Amino acid sequence: MKLDNSIAAVITGGASGLGEATARMLAAQGVKVAILDMAAERGAEVAKEIGAVFCEADVTDEASVDAALSRARAANGAERILVNCAGIAPGKRTVSKKRDTGELVAHDLATFRRAVEVNLIGTFQMIAKSAAAMAGLAPVTEDGGRGVVVCTASVAAQDGQIGQAAYAASKAGVVGLTLPVARDLASFGIRVVTILPGLFHTPMFESVPEDFRKSLAASVPFPSRLGRPDEYAQLVRAIVENDMLNGESIRLDGALRMQPK
Ligand SMILES: NC(=O)c1ccc[n+]([C@@H]2O[C@H](COP(=O)([O-])OP(=O)(O)OC[C@H]3O[C@@H](n4cnc5c(N)ncnc54)[C@H](O)[C@@H]3O)[C@@H](O)[C@H]2O)c1
């Protein structure tokens, strides 16, 4: 699918990091962008800067997603591109030991459930609602293509580290739905592709001490550094523009394979 000003896009998590870089890249190509995020202040700021619409929503809350998609569509028309970047990365071991008392504590289910709610169910909710709108649009490619969905999992879906049970399970779910959803949506001309980023320098890493950041960068075989958000956006662009990419999950990680910790 060609990127131009006849196309509208919705980017969840577009207020920050990988989603923000994607929103910037698409807006620079003339695409009409709507940023859907919980972070109202930052989301509105980014949207204003790039001429996008900001729609506040929590991807786990159906009413707020419906309201946000209505706003986005009223401003830009129905989206042909959905990029799911909204996500959280809780860290907790399945069993941990309290520092002071040595007491053994089981992983709480609220943290596990929230990771699955945001990263997996939130992603699926966005896909289903967006695809329903895309399916009603006229085709725009010579193959009858109507739209493209890009999801964001993580290399943790395949090599989750100690403390990543909830995060890895939620992201593995995103990898797992990619092929069946692509098959579900094939008759409507809608493609679905998932990216598994390795280590990317986003606001998530701002709080990480410089030394630790350097050791993480050194663990990437080549190029031996953290990825830049614009490199993630570059892959989103390639996915949207390449009509043959469908039903696949792609690692973007400089050959990194995460160790247990
Ligand atoms: N940065 C990395 O190294 C890395 C690696 C692998 C995967 N990822 C994944 O990429 C995605 C983007 O990560 P990032 O590094 O840009 O993070 P980030 O924290 O910079 O951005 C995430 C955005 O999602 C939004 N968000 C969180 N929960 C939400 C919800 N319930 N509803 C709506 N918006 C919500 C946040 O407000 C934020 O703006 C995430 O899914 C993350 O798991 C990131």
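Please read all numbers here as calculations on a predicted model, not as lab measurements.
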Would you compute the distance between atom [atom1] of [X] and atom [atom2] of [Y] and round it to the nearest 0.5 angstrom?
X	Y	atom1	atom2	result
Asn246	Arg183	CG	CZ	10.5 Å
Ile190	Ile81	CD1	CD1	12.5 Å
Asp66	Lys129	CG	NZ	3.5 Å
Ser219	Leu199	OG	CG	5.5 Å
Leu235	Ile195	CG	CD1	4.0 Å
Arg93	Gln164	CZ	CD	11.5 Å

Non-hydrogen side-chain atoms of [X] and [Y] separated by less than 4.5 Å:
X	Y	result
Ile11	Val33	yes
Val105	Val95	no
Met134	Phe188	no
Met25	Arg237	yes
Asn119	Ile88	yes

Under 3.5 Å, is there a donor-acceptor pair linking the side chains of Tyr232 and Thr152?
yes
Shared ILVMFWY cluster between [X] and [Y], side chains joined below 4.5 angstrom?
X	Y	result
Val192	Leu3	no
Ile7	Leu245	yes
Val148	Val83	yes
Phe200	Ile239	yes
Val175	Val118	no

Test log, rule salt bridge (Lys or Arg N to Asp or Glu O under 4.0 Å), inputs Asp184 and Arg191:
CA-CA 10 Å; Asp184 279 349; Arg191 295 185 289 116; over 6 Å; no
Closest non-hydrogen atom pair, [X] against [Y]:
X	Y	value
Ile35	Phe54	O-CD1, 3.4 Å
Pro197	Ala153	CD-O, 3.4 Å
Glu56	Met38	OE2-O, 4.0 Å
Ala168	Ala156	CB-O, 3.2 Å
Pro221	Ala255	CG-O, 3.3 Å
Gly254	Pro223	CA-CD, 4.4 Å

Does this structure show an ion pair linking [X] with [Y], if we count only N-O contacts that are shorter than 4.0 Å?
X	Y	value
Asp108	Lys92	yes
Asp100	Lys98	no
Arg114	Asp58	yes

Yes or no on side-chain contact (heavy atoms from CB on, under 4.5 Å) for Leu26 and Thr22, after CA distance, side-chain angles and deciding distance?
CA-CA 6 Å; Leu26 289 171; Thr22 302; 4.0 Å; yes
Could you point out which residue of Asp230, Leu252, Thr202 forms a side-chain contact (heavy atoms from CB on, under 4.5 Å) with Leu18?
Thr202
Polar side-chain atom of [X] near backbone of [Y] as donor-acceptor pair, under 3.5 Å:
X	Y	answer
Gln158	Val155	no
Arg80	Arg146	yes
Arg251	Leu196	no
Ser130	Ile127	no
Thr12	Ala86	yes
Thr178	Val174	yes
Asp37	Cys55	no

Test salt bridge (Lys or Arg N to Asp or Glu O under 4.0 Å) on Asp4 and Lys2; report intermediate values, then the result.
CA-CA 6 Å; Asp4 60 35; Lys2 284 202 181 81; over 6 Å; no
Assess whether side-chain contact (heavy atoms from CB on, under 4.5 Å) is satisfied between Leu36 and Val59, documenting all intermediate values.
CA-CA 8 Å; Leu36 193 154; Val59 294; 4.1 Å; yes
For Leu177 and Leu120, what are the C-alpha separation, side-chain angles and deciding distance, and is it a side-chain contact (heavy atoms from CB on, under 4.5 Å)?
CA-CA 9 Å; Leu177 65 72; Leu120 177 56; 3.8 Å; yes
Please determine whether the number of non-hydrogen atoms from other residues, nucleotides or ligands lying under 6.0 Å from atom CD of Glu210 exceeds 12.
yes
Please lay out, stage by stage, how Met126 and Val10 fare under the test side-chain contact (heavy atoms from CB on, under 4.5 Å).
CA-CA 10 Å; Met126 290 303 307; Val10 169; 4.3 Å; yes
Evaluation steps, salt bridge (Lys or Arg N to Asp or Glu O under 4.0 Å), between Glu79 and Arg73
CA-CA 7 Å; Glu79 68 276 15; Arg73 289 168 190 162; 2.8 Å; yes
